[in-house]
Structures are given as C-alpha cells and as structure tokens.
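Written out below as structure tokens is the structure these notes cover.
This is a predicted model, so every value here is computed, not measured.
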Amino acid sequence: MPNKKPPAQINPPEPADPYKMRTLEQILSLFDGGEFIENLMSDHRKLQTDLLEHHAEHGSKAKGTMTIQVTYNLGRSGDVGMGATATFKSPQKPASSAAAFINDNGELTLYSPMMTRMHGGVRDATHYDPETGEIRDI
C-alpha cells in the first residue's frame, strides 16, 4: 500500500471570550481606571506642542521621545499584575553662544588681536602731493 496521509485534523473553534484584550489601547485603559491613558494622551499632545514651539523659536530640527513601559508579574494562580509608566522627553533648547578673544596673558577679552595690528600707530607719510594730499607710492 502506498503511504497515505492521515486525515487533516480540524481544531474546534475557540469559544468566544468577550473579555479578551484585543488592542493596546484596551490594555492601557485598564490602568488607574482609564486615567493613565487620558494622562498619556494629554502629555503626548504637550510633547507635540513643544516640538512645534521649539521649531518656531530655534528653526532647527526638533526631537522628542515618548517611552511607555508595561511590566507584568505572573502570580501563582495565573493572575497577572501589571504596572505602566510613561516618560516624555521634550526637545532641548540649544546652548547659548558667545564669542571672545584670548589676550597675551591667556585672559578672555572682547578686544580683537586684529584690532591691535590695525591700530599700530600713525605712520609718517612723507611722500604726498601737497595740492591734493594724496599719498604717493615710491
């Protein structure tokens, strides 16, 4: 006899569970009686506003993060204890900037070394046109 495949086994359908958590939103709404997800969405809107304000003020790329952490603890009787936290990080303002120069003593100064070269004193212009005052090159 040739090899026969056993008949396909048909699994009976699982009974419908009306309490089954089907979405992440359903799971997050369990925490604090739904208050956790309301606060989460409120903080999310604030993060979006912070991103827009940062872009308007600084014109640079705005980056922020939202991190949701859900912890699970399985009990002896099959129950699951859960905890949830959410952290938000708004965009950081750019560092303040300034400019100065370092003098010969190693101190900060607003006086440019180029200014020192420019103000080397008045030079004597002996070759000039007495009628126009124009300085002549020799």
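- Side-chain N or O atoms of Thr49 include one that pairs as donor or acceptor with a backbone N or O of Arg45 at under 3.5 Å.
- Side-chain atoms of His55 never come within 3.5 Å of backbone atoms of Lys61 as a donor-acceptor pair (strictly under, hydrogens ignored).
- Pro18 and Arg22 get closest at one heavy-atom pair: O-NH1, 4.5 Å.
- Between the CD1 atom of Ile27 and the CD1 atom of Ile37 there is a distance of 10.5 Å, given to the nearest 0.5 Å.
- From Asn39, atom CG reaches atom CG of Asp32 across 8.0 Å, with rounding to the nearest 0.5 Å.
- For the atom pair NZ of Lys63 and CD of Gln92, the computed distance is 11.0 Å after rounding to the nearest 0.5 Å.
- How far CD1 of Ile102 is from CG of Leu108: 6.0 Å, rounded to the nearest 0.5 Å.
- In plain terms, the two heavy atoms of Ala100 and Leu110 that are nearest each other are CB-CD2, 4.4 Å.
- Considering NZ of Lys46 and CG of Asp50, their distance stands at 3.5 Å, rounded to 0.5 Å.
- When side chains are defined from C-beta on, Pro94 does not count as touching Glu57, because their heavy atoms never get closer than 4.5 Å.
- When the side chain to side chain donor-acceptor pair (under 3.5 Å) test is applied to Thr132, the partners found at least two apart in sequence or on another chain are Asp129.
- Distance CE/Met66 to CG/Leu40: 5.5 Å, rounded to 0.5 Å.
- When all heavy atoms of His54 and Ala62 are compared, the pair lying nearest together is ND1-CB, 3.6 Å.
- The local environment of NE2 in His58 is crowded, with over 12 non-hydrogen atoms from other residues, nucleotides or ligands closer than 6.0 Å.
- Between the side chain of Asn103 and the backbone N or O of Asn105 there is at least one donor-acceptor pair closer than 3.5 Å.
- Taking a 6.0 Å sphere around CG of Leu74, one finds it holds more than 12 heavy atoms contributed by other residues, nucleotides or ligands.
- The ring-ring contact (aromatic ring centres under 6.0 Å, His included) pairs that include a residue from residues 67-102 number zero, where partners must be two or more places apart or lie in different chains.
- Met82 has its side chain within reach of Val80: a pair of non-hydrogen atoms, C-beta onward, lies under 4.5 Å apart.
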